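See structure below.
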Amino acid sequence: MSEPKGGPFLITNTLTRRKEEFKPLRPPHVGLYVCGPTVYSDVHLGNVRSFLTFDVLYRWLTHIGYTVRYVRNITDVGHLVGDVDEGEDKIAKRARLEQLEPMEIVQKYTNGFHDVMRLFNILPPSIEPTATGHLIEQIEMVKRIIASGYGYEANGSVYFDVPKFAEKHAYGELSGRKIDELLANTRDTEGMDEKRSPLDFAIWKKADPVHLMKWPSPWGEGFPGWHLECSAMSTKYLGQTFDIHGGGMDLKFPHHECEIAQSVAADGHAPVRYWMHGNMLTVNGRKMAKSEGNGFTPEELLTGNHKLLEKGYSAMTVRFFMLQCHYASTLDFSNAALQAAEKGLERLMKAMPLLDRLKAAETDEADIAALEQRCHAAMNDDLNSPVLIAELFEGVRIINSAHDGKLKLTAASIDRLAKLMRAMVHDVLGLKDEGTSAKTDDGALDALVGEFIRMRAEAKGRRDFAASDAIRDRLEVLGIRLKDGKEGTTWERA
RNA sequence: GGUCACGUGGCCGAGUGGCUAGGCAGAGGUCUGCAAAACCUCGUACAGCGGUUCGACUCCGCUCGUGACCUCCA
């Protein structure tokens, strides 16, 4: 494959801070790695936004013809709760609080994570490796880092020697940090006596005797450092250098910076060619985060049972809401914005079934090819889903106008428009019908409502509008809304 | 404190050195017995102050404001 379908695909590479043309290492294959969740508590909406961003990336790469191997890990090793390097690990803490085995915690929240992903129609990755399933690879990587001279053992733990690494390599390149500034900003050095420098980070950590999640290693019983699993697993499944690594902005430093250092130290190669970072979801201007306590669970979202929510919103409403904002911008949550998205999505989704009912004309009054071109251009420009959605509303206008008989389309244009709309709405944006239309209901209800529509038509025929309006009003109360059109009356759920 | 972003019409949010995305809300109109829906028309916004330019919302500087990272975090 020399060129992707529909022209070059540009992405903002956070390593260079520029928009670059995406050229995979081994086309048509693309290696994509995304940092997954740490499974010690419920995922919240902010987490969902990040996984949604890369879901759309995955969908778009696939749509333009690439074969993508998408790896997204599950962090199931208990990393430490507090600052510095002391204290309880997160999973063990949760296990104690919930009185469960650590691996029960891991399973419980992994299941929950998968449920949420399904709810938001986020596709599963090609490989979903766990940190605990790749201890051997991680231990081997620690050995390679020690062998290259950038790792040292101290009291059963192994640390990465950042200042030494920085002498020959660009530590801080991704996050735009300089070693001197980092050193100048170092906070207290308590509990860091094992480290040669406060900038050093653990790649293997000795477990104290009460620690629950620990494994044997050449340095004694312990557990891998937080940054190590991503390096080890991405290398295993995507190679020492691969195409795209994604994650939230907040992972840029230190997590991704450390990943680069580890890979360079262990294998001598920069691991990633294009880094992509999604921005944060905010609430009242503040980042939604577990530590802020301003997040909410999918159940709360659907039911509206949360102090921040005026009402419940469907998963697709939220998905659409997020896609109306570019992934690299912060997106502020608000009820007003969510309600606007709900209305907009409804308009878009209601136009989709009309595609089957358009009547072909001899001439064309809309340029579907140009619309198609603009849709592709939007997504090829750094996944600009807001612009794609704007174009899709142009498609909605065309569909509605044609359906009203105010705009002519040839059979070929109708076919092309239908294919375009379905591909963009369902395949690329991942928006699915949530079953509010009459079409998905069983035939009995449709037949029943049809009977009322007939009765009402008879009343209207007698010009007995009191009777016809009564039928309409009572059905409305029951959640059935009648709509009179040129070709008769249709209904939908109110 | 250091580093880096951002500040767009009532709200949410794209974007560009000159040709005023889109959605929601609002106003008027067409259609309809009425209504709903749909369609058409309407808002000339870009924090403030300077500078560069024939021309800046878009580039540069300063000021103000907000946020993120610097510690686990998507």
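Lettering follows sequence order; numbering is per chain, from 1. Everything numeric here is computed off the predicted structure, so don't read it as measured data.
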Checklist entry - C1' atom, B/G10 versus B/A5: distance in rounded Å? => result 27 Å
Item to check | Side chain of A/Asp332 - closest among B/A21, B/G13, B/C39 | outcome: B/G13
Checklist entry - With no angle test and no hydrogens, is the base of B/G33 tied to the side chain of A/Asp469 by a donor-acceptor pair under 3.5 Å? => result yes
Item to check | Step-by-step ring-ring contact (aromatic ring centres under 6.0 Å, His included) determination, A/Phe296 to A/Phe333 | outcome: CA-CA 11 Å; A/Phe296 36 78; A/Phe333 162 88; 5.3 Å; yes
Checklist entry - What distance do A/Leu301 atom CG and A/Tyr313 atom OH have between them, rounded to the nearest 0.5 Å? => result 9.0 Å
Checklist entry - Is the shortest side-chain N/O distance from A/Ser175 to OP1 or OP2 of B/C70 below 4.0 Å? => result no
Checklist entry - Taking atom P of B/A14 as reference, at what distance in whole Å does atom CG of A/Asn380 sit? => result 19 Å
Checklist entry - Reckon A/Gly278 touches a base, only the sugar-phosphate, or nothing at all at heavy-atom distances under 4.0 Å? => result nothing
Next on the checklist: Could you identify the nucleotide paired to B/A37, looking across every strand shown and requiring Watson-Crick or G-U wobble geometry with both distances under 3.5 Å?
Outcome noted: none
Item to check | Same-atom distance (C1') from B/U8 to B/U20, integer angstrom | outcome: 12 Å
Next on the checklist: Taking only the C1' atom of each, what is the distance from B/G43 to B/C34 in whole angstrom?
Outcome noted: 30 Å
Checklist outcome for this item: Across every strand shown, the nucleotide meeting Watson-Crick or G-U wobble geometry with B/A56 (both distances under 3.5 Å) is none
Next on the checklist: What's the closest nucleotide to the side chain of A/Arg481 if the choices are B/G33, B/A36, B/A74?
Outcome noted: B/A36
Item to check | Base-pairing mate for B/C24 - Watson-Crick or G-U, with both contacts under 3.5 Å | outcome: B/G10
Checklist outcome for this item: Side-chain atoms of A/Glu181 come closest, of B/G2, B/G33, B/C70, to B/G2
Item to check | Student check: side-chain heavy atoms of A/Arg456 and A/Leu475 closer than 4.5 Å | outcome: no
Checklist outcome for this item: Here the pair of heavy atoms bringing A/Ala328 nearest to A/Asn279 is O-ND2, 2.8 Å
Item to check | A/Phe321 side-chain proximity, nearest of B/A74, B/C12, B/A21 | outcome: B/C12
Next on the checklist: Of the listed nucleotides (B/G33, B/C24, B/A74), which one gets closest to any side-chain atom of A/Arg456?
Outcome noted: B/G33
Item to check | Minimum-distance nucleotide to A/Asp484 side chain [options: B/A14, B/A35, B/C11] | outcome: B/A35
Next on the checklist: Using 0.5 Å steps for rounding, measure from the CD atom of A/Glu128 to the CD1 atom of A/Ile74.
Outcome noted: 4.0 Å
Checklist entry - Using the P atom in both, what is the distance from B/C57 to B/C64, to the nearest Å? => result 23 Å
Item to check | Rounded distance in Å - NZ (A/Lys406) to P (B/C39) | outcome: 8 Å
Item to check | Length of the line joining A/Lys343:NZ and B/A36:P, which is rounded to integer Å | outcome: 13 Å
Checklist entry - Looking at B/G22, B/C39, B/A74, which one has an atom nearest to any side-chain atom of A/Ser50? => result B/A74
Checklist entry - Who does B/G17 pair with, Watson-Crick or G-U, both distances under 3.5 Å? => result none
Next on the checklist: If the cut-off is 4.0 Å, is A/Lys460 near the phosphate of B/U32, judged by side-chain N/O to OP1 or OP2?
Outcome noted: no
Checklist entry - What's the spacing between A/Arg463 CZ and A/Phe465 CZ if we round to 0.5 Å? => result 4.0 Å
Item to check | Pairwise P distance, B/G17 and B/A74 [rounded to whole Å] | outcome: 36 Å
Checklist entry - Any donor-acceptor pair under 3.5 Å joining the side chain of A/Asp89 to the base of B/C72? => result no
Next on the checklist: Looking at A/Arg94, I'd like to know whether one of its side-chain N or O atoms comes within less than 4.0 Å of OP1 or OP2 on B/C72.
Outcome noted: no
Item to check | A/Thr330 or A/Ser468, whichever maps to the more 5' nucleotide of RNA chain B | outcome: A/Thr330
Checklist outcome for this item: Checking N1-N3 plus N6-O4 or O6-N4 for Watson-Crick, or N1-O2 and O6-N3 for wobble, each under 3.5 Å, the partner of B/A68 is B/U3
Item to check | B/C34 base / A/Arg472 side chain donor-acceptor hit below 3.5 Å | outcome: yes
Checklist entry - Within this structure, what is the CG-to-C1' distance between A/Leu392 and B/G22, rounded to whole angstrom? => result 10 Å
Next on the checklist: Can you tell me if A/Phe465 is stacked onto the base of B/G33, using a 5.5 Å centroid cut-off and an angle below 30°?
Outcome noted: yes
Next on the checklist: Please give the distance between the C1' atoms of B/G15 and B/A21 as a whole number of Å.
Outcome noted: 7 Å
Checklist entry - Roughly, in whole Å, what's the span from CG in A/Asn47 to P in B/C72? => result 17 Å
Checklist entry - Can you tell me how far C1' of B/C34 sits from NZ of A/Lys483, to the nearest Å? => result 18 Å
Next on the checklist: Counting only Watson-Crick pairs (N1-N3 plus N6-O4 or O6-N4) and G-U wobbles (N1-O2, O6-N3), all under 3.5 Å, who is the partner of B/U44?
Outcome noted: none
Item to check | Side-chain donor-acceptor contact under 3.5 Å, A/Asp364 with A/Ser413 | outcome: yes
Checklist entry - Does the side chain of A/Arg177 get closer than 4.0 angstrom to OP1 or OP2 of B/C69 through an N or O atom? => result no
Checklist outcome for this item: A/Lys90 atom NZ is separated from B/U71 atom C1', nearest whole Å, by 11 Å
Next on the checklist: Less than 4.0 angstrom between a side-chain N/O of A/Asn384 and OP1 or OP2 of B/G15, yes or no?
Outcome noted: yes
Checklist entry - Between B/G22 and B/G33, how far is it from one P atom to the other, in whole Å? => result 33 Å
Checklist entry - Would one find a side-chain N or O of A/Arg374 under 4.0 angstrom from OP1 or OP2 of B/A21? => result no
Next on the checklist: So A/Tyr159 and A/Lys205, do their side chains get closer than 4.5 Å, heavy atoms only?
Outcome noted: yes
Checklist entry - Quick one: A/Met249 CE to B/U71 C1', roughly how many Å, whole number? => result 17 Å
Checklist entry - Are side-chain heavy atoms of A/Arg319 and A/Leu431 found at a separation under 4.5 Å? => result yes
Checklist entry - Would one find a side-chain N or O of A/Arg397 under 4.0 angstrom from OP1 or OP2 of B/C40? => result yes
Next on the checklist: Side chain of A/Phe51, heavy atoms from C-beta onward: which of B/C39, B/G13, B/A74 has the nearest atom to it?
Outcome noted: B/A74
Checklist entry - Any idea which of B/G13, B/C12, B/G67 is nearest the A/Arg286 side chain? => result B/G67
Checklist outcome for this item: Of the candidates B/C70, B/A68, B/G13, the side chain of A/Phe253 sits closest to B/C70
Next on the checklist: Students often get this wrong, so: under 4.0 angstrom with heavy atoms, is A/Ala390 touching a base, only sugar-phosphate, or nothing?
Outcome noted: base
Item to check | Most 5' of A/Leu345 and A/Leu281 on RNA chain B, judged by nearest nucleotide | outcome: A/Leu345
